[in-house]
Each structure stands twice: as C-alpha cells, then as structure tokens.
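See structure below.
Keep in mind that this is a model prediction, so the values were computed, not measured.
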Amino acid sequence: MYINYLANSVEAKSYLMKGVQEAYYISQRSGIVAQFLLLVHPHVRKYAGISQITFLYDSYRGVYEDCWPRGLLPNMKDTLIKSKVLSSKEVSILEELDRLINMQGEELDSMEVRKLYEDFFEGKNPLEVIFTLPM
C-alpha cells in the first residue's frame, strides 16, 4: 500500500499505520489462538480437517510437530507480549499446554487441558477473545 498516495498529513499517515499494525497483530493473534483451539477443543480437533473454517493446520500433529508451541514460544514470547499480541497470562497458559503435551502426548481430553481452555477464554466468547488484542 502506497501511503503517500492515500494521505499527505503526518496525522493521517500515523492513523493509517496504526490500523495496519493492529491488523497485523490481530492476524498473528488469530493464528495462534486458532492453533490453541485445535489442540484443546475436542470438536475443533475432530472437525478442523473437514470444516469450512480454514486453519493453518488441520490436525494436532500438524500444529504441534511443525511449529507450536515449541518454536513460537521460546523464540517469540517476549515480542508477542511486548507488542500485545498475547498477554503474559495467555503465554503462561500456552507454556502450560506445552508442558502437558510433553507429559501426556496426544491425550488432550484431560481435565488439565480443559482447564487451560477455561483459563484462556475466561467464559468469554472465543471469537471475541481471538479478535481483541490484550490491553
């Protein structure tokens, strides 16, 4: 996008850049939370491969073996918190999920994993949480 074409004032450019940055962060957040749902929610895990909703991966194995959380958290944790893509509480929940998966393997229907889902969404609509950056 050629910003000078759209606006000549510094204020307008700043506003536009803020919107672009927020969209980028929402894109990152929605991908991470969608992968979290694929791991912890039994219906998402079961039906992601046939759903009309597009996930980056369509199975537990794809998410976990390819990149998350092993690659994402150790390498990007501080950046994700600083840029407010994820809150420190959310990162802690993702780290706990990583620990549980290492202990339990593919047994993701445990009470501990269900509690992580509840702690992450805190009774809120998951779509609201996915598309709202933390404060």
Side-chain angles (χ1 to χ4, degrees):
M1 180 181 299
Y2 185 59
I3 294 172
N4 288 331
Y5 177 77
L6 297 173
N8 291 323
S9 75
V10 172
E11 184 179 311
K13 289 179 192 175
S14 174
Y15 177 76
L16 181 61
M17 287 304 293
K18 215 174 185 176
V20 168
Q21 185 178 40
E22 182 178 11
Y24 175 71
Y25 290 158
I26 290 288
S27 173
Q28 283 187 302
R29 179 177 177 79
S30 63
I32 294 166
V33 178
Q35 292 175 56
F36 174 74
L37 281 169
L38 188 57
L39 292 171
V40 301
H41 197 284
H43 293 285
V44 177
R45 202 168 48 249
K46 183 175 179 180
Y47 298 116
I50 62 167
S51 171
Q52 291 295 316
I53 299 170
T54 303
F55 291 89
L56 183 58
Y57 301 94
D58 62 2
S59 72
Y60 156 89
R61 194 162 300 290
V63 171
Y64 199 70
E65 289 183 358
D66 190 33
C67 74
W68 189 84
R70 292 177 184 173
L72 175 71
L73 291 177
N75 299 319
M76 296 290 294
K77 172 170 77 173
D78 294 334
T79 302
L80 292 168
I81 293 169
K82 190 177 207 179
S83 62
K84 297 189 177 181
V85 170
L86 296 171
S87 69
S88 56
K89 178 184 177 188
E90 290 168 337
V91 168
S92 295
I93 292 168
L94 299 179
E95 289 174 324
E96 178 62 14
L97 177 60
D98 186 38
R99 188 186 71 73
L100 286 174
I101 289 173
N102 286 325
M103 287 175 40
Q104 299 176 177
E106 292 187 37
E107 178 51 47
L108 295 172
D109 290 324
S110 70
M111 292 300 293
E112 295 93 344
V113 172
R114 284 187 223 150
K115 175 136 177 43
L116 293 178
Y117 175 90
E118 292 169 13
D119 290 347
F120 195 93
F121 293 107
E122 299 177 319
K124 298 175 189 162
N125 179 331
L127 292 175
E128 299 255 345
V129 173
I130 289 171
F131 297 112
T132 304
L133 295 172
M135 296 289 181

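Rounded to the nearest 0.5 angstrom, Leu108 CG and Leu97 CG are separated by 7.0 Å. Expressed to the nearest 0.5 Å, how far CD1 of Ile81 lies from CE of Met76 amounts to 11.5 Å. Leu100 CG to Leu39 CG: the interatomic distance, rounded to the nearest 0.5 Å, is 11.5 Å.
Among Val113, Val91, Leu116, Ile101, the one residue that satisfies the side-chain contact (heavy atoms from CB on, under 4.5 Å) test with Glu96 is Leu116.
Residues Lys77 and Glu95 have side chains in contact (heavy-atom distance under 4.5 Å, counting atoms from C-beta outward). No side-chain heavy atom of Ile26 sits under 4.5 Å from any side-chain heavy atom of Ile130. At a threshold of 4.5 Å between non-hydrogen side-chain atoms, the residues Glu22 and Met17 do not count as touching. In this structure, Leu94 and Phe120 have side chains that are in contact, with non-hydrogen atoms separated by less than 4.5 Å.
Checked by atom type and distance alone, the side chain of Glu90 pairs as donor or acceptor with a backbone atom of Ser87 at under 3.5 Å. Side-chain atoms of Arg29 come within 3.5 Å of backbone atoms of Thr132 as a donor-acceptor pair (strictly under, hydrogens ignored). Remark: the backbone N or O of Asp109 is paired with a side-chain donor or acceptor of Arg114 at under 3.5 angstrom. Ser83 places a side-chain N or O within 3.5 Å of a backbone atom of Thr79 that can act as its donor or acceptor partner. Ser92 contributes a side-chain N or O that, together with a main-chain N or O of Ser88, makes up a donor-acceptor pair within less than 3.5 Å.
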| request: Go through the steps for Tyr24 and Val20 under the test side-chain contact (heavy atoms from CB on, under 4.5 Å), then give the verdict. | output: CA-CA 6 Å; Tyr24 175 71; Val20 168; 5.6 Å; no
| field | Audit row: Glu112, Arg99, side-chain contact (heavy atoms from CB on, under 4.5 Å) steps and yes/no | value | CA-CA 11 Å; Glu112 295 93 344; Arg99 188 186 71 73; over 6 Å; no
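The aromatic rings of Tyr117 and Phe121 sit tilted relative to each other, their planes meeting at an angle between 30° and 60°.
For Tyr25, the ring pair (Phe, Tyr, Trp, His ring centres under 6.0 Å) criterion is met by no residue, not counting sequence neighbours. Listed by chain and residue number, Asp119 satisfy the salt bridge (charged side-chain N to carboxylate O under 4.0 Å, His left out) test with Lys115 (two or more places apart in sequence, or in another chain). Residues that satisfy the salt bridge (charged side-chain N to carboxylate O under 4.0 Å, His left out) test with Lys82, not counting sequence neighbours, are absent from this structure.
Between Gln28 and Val85, the shortest heavy-atom contact is OE1-CG2, 3.4 Å.
Hydrophobic clustering places Leu127 together with Val129 (ILVMFWY residues linked when any side-chain heavy atoms are closer than 4.5 Å, directly or through intermediates).
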